[in-house]
Every structure is written in C-alpha cells, then in structure tokens.
Asker: 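Got a structure for you, written out below as structure tokens; questions coming shortly.
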Amino acid sequence: MAPDEWRAQRARRLAGLPWVRREDRADGTPVRFVADELVVLDEHFATARQAFVEQGLAVRDIVEEGDVPAGFRRVRLAGLDVARAARRVRVQAEAAGDTRVAAAPNHVFVSTPLAHAGAYGRPRPAAPGRLPAPDGDGGVAVLVLDTGVWRNSPLPQERYITADYEPGDGGDSDAGHANFIAGVMLGRSRRVQPRVVRIVDTFGVCRESDLVAALRQAGDDPIINLSLGGYSLDDRPPVLLTAALGGLLTSGDRVVVAAAGNDGQHDRPFWPAAYAGTSAPWRRRVVAVAAHDGRRICNWSNTGPWITLAAPGADVLSTYVHHEGFPDGWARWSGTSFAAPYVAAAIADALPAAGSAVKAAQTVVAGAAHRYGRYAGVA
C-alpha cells in the first residue's frame, strides 16, 4: 500500500467514527476533536452557558462528563458547535485579563507510526533481529501508553509488563504498535522494562480525556513514552493534557518522551511533544523527538523550535506480530513513534549513573553529539 493510500485509510477510519469532528486549517491540515464536548475552566462556565444559548441550545440538556482534573468542567450538549463555543469563551476570558486557555475541545490524538504520511508507509516483513540479554540488576520502568500488546509475537513476555493484551490476529492498521515500541526499547537497552498500558484502539485513536486518565496510572514510573499526539484548536495547548502533565511533572522525578509526529509540518505544534517549546515551568521534562534516517531529518518528520533532539526513525527493525505476511514476527517500520522509544531507552540506560530520570534525560540530550540539519541527535 502506497503512503497516500495508507493516509487515506486512516482518514476514512476517522471520518467513519460518529463521535469525531474535524476543523481544517487553510492549508488543509485537520484538528480533530470529540463531537458535542467542551472542556472549560470552572470560573468561565457561565460564559460557556451563554455561548450555548447563543447557538440556540437548551442549557437544561447539558450533560456533565466526569474524569477531569480539578478546576475544569467537561460537558456534552447535542448539536454543539464546539470550536465556536470554545473561541467565544476564550475571547471573553482574555478580555477579562485571563491569559489561560479558558475552553477547548476534547481533542482526538493518534499514534505516530508512518500510518498516515511518509516514505515507507506500513510495516514490512523482515528477518529476525536480536534483543540483547537483560541486565541482571533489574529493569528501569518505562510507561508506554499505546495500543495493547499482541501475544503472538517474538517480543519476550518476561521482558515487559502489561495487563492489556489485544485479541485477534493483528490485522488492523496499528496492529503491533506497542510490540514494536517495546522491541525498540529492548533492542536499545539492557536495563529497560516497558510497562504497556492500552490507551489507543487498534487503529491508533484516542481522546485527550483517555490520555489524561491513563497518565494517572504513571505510579512511580520515572519515564513515560508517548508515541502519539495531535494538533489543537488554534494551536493552543490542550487544556486537559496541560493540567495532567503539570501535575505529573511539576515535582518529583519523571520525564515524558514524546514523538514529534509524521506530517512533515514545520510550523505547527504537535502535542504533547510541543510542550517542550512552551513556557510551562516543567517544559524541560518533556523530550520532543524528531526522526532521522542516519543522514538527515526525515522529510515526513514534524519539526519546529520545540524539537529537543532527533533519533533513528526510518526503516527501524523491531519485534512485530506473527500474522499473514510476517512469518518471523519481525518488521521494519518508520515513524517518530519509533524514534521516541529509542530516546526513552537511552534515558533508562543513563538513569542509574545519573541518579534520577531528570538528570538522565539531561545527560542524553547533552550527549547528542551528531547533527541532523539544525538538530542535535543520537545515532
């Protein structure tokens, strides 16, 4: 399947989901969000109700959704023009001197293999590779929020932790995504122990609110790998995700490694990776990873001033799923999805000597001695 066909397949999948809406920028790039849902700061909820009335909707029909950080309301109202309501609340909040993002959609995020752009497209079968033996001193936990794991795989079950196994034969578009990510980590590091928690479906789709709920499962894991993301309304930081990451990263010892995305964008923030370029006090605890091919930044990799460093992301070899066309269960696949876990594994390797995940991330970034265009990177 050619890359354009692969991108069209995911677009058709997303278009077929009745709960997904999209708004396109002038350049055609989409922002996707949950239909009929608005997330709003408590103190601006009265303005949101006014915006609903202006759209001819009855406030008595508002449904309150739960599972949001303190200080927010997540509401659903059938027929709501979400983008219009969010902008209405933001304008009034800013006029009152509140510079925060006062309201936003519940954004839709997608995983970031080359399933929707780029030069290689879908995974290709490959001869088996080799995973080095684990370090006998125990593993450094990396939380992988992704698909579930397919059991029918060469990925050694004793080398990772999960309660989220996927049923079926792995025929969907993002089949094997978590298997591949875990294999990249285990191929890079003898210390790492991936802990996989299912957040995206087998087509690589999740809600912002799903990601926020999953981040609450971080526990004591010092490293979080997010090979997923998306764009936001007017390129403002997604409000639920901002609150969740702020709670996780403001204190303690934890870093997030996030994929830069695969749309070849050079002027749009792709969240959550783009938090590395914001003014958030915890921004340096987010490592935004672009993909290189060994010589240069891949032309399909998103870039921008928020990129922290680059890592191998083209034609990567890793564990996949045993199913038709993949007799050995190994594959070559491309995407910033697979550059991110390479960096996460490098941080896991550096952690024991550095003494903390934050210092380990700083060590990896400072030691990125190669240059790929304007970005430092690891080979």
Asker: With clusters defined by side-chain heavy atoms of hydrophobic residues (ILVMFWY) lying less than 4.5 Å apart, directly or transitively, does L351 cluster with V358?
Answerer: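 In one cluster: yes.
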
Asker: Distance only, no hydrogens: is a donor on one side chain within 3.5 Å (strictly under) of an acceptor on the other, for T336 and N262?
Answerer: yes

Asker: Considering only residues two or more places apart or on different chains, which pairs with a residue in residues 349-366 satisfy salt bridge (charged side-chain N to carboxylate O under 4.0 Å, His left out)?
Answerer: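 Applying salt bridge (charged side-chain N to carboxylate O under 4.0 Å, His left out) to every pair that reaches into residues 349-366, excluding sequence neighbours, yields R188-D349.
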
Asker: Does a side chain donor of either N106 or E37 reach within less than 3.5 Å of an acceptor in the other side chain?
Answerer: yes

Asker: I need the I307 CD1 to Y375 OH distance, nearest 0.5 Å.
Answerer: 5.5 Å

Asker: Can you confirm whether R25 sits close enough to R268 that some side-chain heavy atom of one is under 4.5 Å from a side-chain heavy atom of the other?
Answerer: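 R25 reaches R268 side chain to side chain.
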
Asker: Whether E64 and R74 form a salt bridge (side-chain N of Lys/Arg under 4.0 Å from carboxylate O of Asp/Glu) is what I want to check.
Answerer: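 Salt bridge: no.
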
Asker: I want to check something: taking the side chain as every heavy atom from C-beta on, are L131 and P156 in contact at a cut-off of under 4.5 Å?
Answerer: yes

Asker: Please check if V89 and V63 belong to a single hydrophobic cluster, counting links between Ile, Leu, Val, Met, Phe, Trp and Tyr side chain heavy atoms closer than 4.5 Å.
Answerer: no

Asker: Do F72 and D42 make a side-chain contact, defined as non-hydrogen atoms from C-beta onward lying under 4.5 Å apart?
Answerer: no

Asker: May I ask you to check if R207 and W19 form a cation-pi contact, with NZ or CZ under 6.0 angstrom from the six-membered ring centre and within 45° of the axis?
Answerer: yes

Asker: Regarding Y231 and N302, do their side chains bring together a donor and an acceptor under 3.5 Å, going by distance alone?
Answerer: yes

Asker: How far does CG of L41 sit from CG of D98, to the nearest 0.5 angstrom?
Answerer: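 The CG atom of D98 is 6.5 Å from CG of L41, to the nearest 0.5 Å.
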
Asker: Can you tell if the side chain of D164 reaches within under 4.5 Å of the side chain of V197, non-hydrogen atoms only?
Answerer: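 Yes. Closest side-chain heavy atoms under 4.5 Å.
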
Asker: Name every donor-acceptor pair, under 3.5 Å, that has one atom in a side chain of residues 211-222 and the other anywhere in the protein, sequence neighbours excluded.
Answerer:
unit_1	atom_1	unit_2	atom_2	d
R216	NH1	D67	OD1	2.5
D221	OD2	R195	NE	2.9
D221	OD2	R195	NH2	2.6

Asker: I'd like to check D24 versus T29 (side-chain heavy atoms, cut-off strictly below 4.5 Å). Are they in contact?
Answerer: no

Asker: For Y372, is the NZ or CZ atom of R296 found under 6.0 angstrom from the centre of its six-membered ring and inside 45 degrees of the ring axis?
Answerer: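 No, cation not above the ring by the 6.0 Å, 45° rule.
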
Asker: Examine L145 and L248 and state if one hydrophobic cluster contains both, with Ile, Leu, Val, Met, Phe, Trp and Tyr joined whenever side-chain heavy atoms are less than 4.5 Å apart.
Answerer: yes

Asker: Could you check whether the rings of F45 and F52 sit parallel, tilted or perpendicular, using 30° and 60° as the cut-offs?
Answerer: perpendicular

Asker: Without hydrogens or angle criteria, can the side chains of H177 and D146 be said to hold a donor-acceptor pair below 3.5 Å?
Answerer: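 Result is yes, a qualifying pair exists.
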
Asker: Salt-bridge test for E43 and R100: reply yes if a basic N is under 4.0 Å from a carboxylate O, no otherwise.
Answerer: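 Between R100 and E43 there is a salt bridge, with a charged N closer than 4.0 Å to a carboxylate O.
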
Asker: Going by ring-ring contact (aromatic ring centres under 6.0 Å, His included), F180 matches just one of W150, W333, Y342. Which one?
Answerer: W333

Asker: Could you check whether N152 and H323, counting side-chain N and O atoms only, form a donor-acceptor pair closer than 3.5 Å?
Answerer: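 No donor-acceptor contact under 3.5 Å links the two side chains.
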
Asker: Whether the S227 and N225 side chains hold a donor-acceptor pair (N or O, under 3.5 Å, no angle test) is what I'd like checked.
Answerer: yes

Asker: Among D81, L80, V82, which one satisfies side chain to side chain contact (heavy atoms under 4.5 Å, CB included) with R84?
Answerer: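 Looking at D81, L80, V82, the match for R84 under the side chain to side chain contact (heavy atoms under 4.5 Å, CB included) is D81.
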
Asker: If only atom types and distance count, is the side chain of E208 paired as donor or acceptor with the main-chain N or O of L241 below 3.5 Å?
Answerer: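 Flag set: sc E208 to bb L241 pair under 3.5 Å.
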
Asker: Can you check whether Y275 reaches L249 side chain to side chain, under 4.5 Å on heavy atoms?
Answerer: no

Asker: State the CG-OG distance between L226 and S111, to the nearest 0.5 angstrom.
Answerer: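 If I round to the nearest 0.5 Å, the distance is 12.0 Å.
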
Asker: Could you tell me if H266 and T303 have a donor-acceptor pair between their side chains, going purely by distance under 3.5 Å?
Answerer: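 Indeed, the side chains of T303 and H266 share at least one donor-acceptor pair under 3.5 Å.
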
Asker: Might you confirm whether atom CZ of R236 has over 12 heavy atoms from other residues, nucleotides or ligands at distances under 6.0 Å?
Answerer: yes

Asker: Is it possible for you to check whether R21 lies under 6.0 Å from the centre of the six-membered ring of F33, through NZ or CZ, and within 45° of that ring's axis?
Answerer: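 No, cation not above the ring by the 6.0 Å, 45° rule.
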
Asker: Any side-chain heavy atom of V289 sitting closer than 4.5 Å to one from T308?
Answerer: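 No, their side chains stay 4.5 Å or more apart.
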
Asker: Starting from the C-alpha separation in whole Å, work towards a yes-or-no answer on salt bridge (Lys or Arg N to Asp or Glu O under 4.0 Å) for R87 and E23.
Answerer: CA-CA 13 Å; R87 291 184 175 114; E23 179 181 276; 2.6 Å; yes

Asker: Could you give me the CA-CA distance, side-chain angles and deciding distance for D36 and R76, then say whether salt bridge (Lys or Arg N to Asp or Glu O under 4.0 Å) is met?
Answerer: CA-CA 5 Å; D36 302 334; R76 178 163 47 87; over 6 Å; no

Asker: How long is the gap from CE on M185 to CD on Q193, to the nearest 0.5 Å?
Answerer: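 M185 atom CE to Q193 atom CD measures 11.5 Å (nearest 0.5 Å).
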
Asker: Does any part of the side chain of F338, heavy atoms only, come nearer than 4.5 Å to the side chain of S318, both counted from C-beta?
Answerer: no

Asker: What's the spacing between T363 OG1 and I347 CD1 if we round to 0.5 Å?
Answerer: 9.5 Å

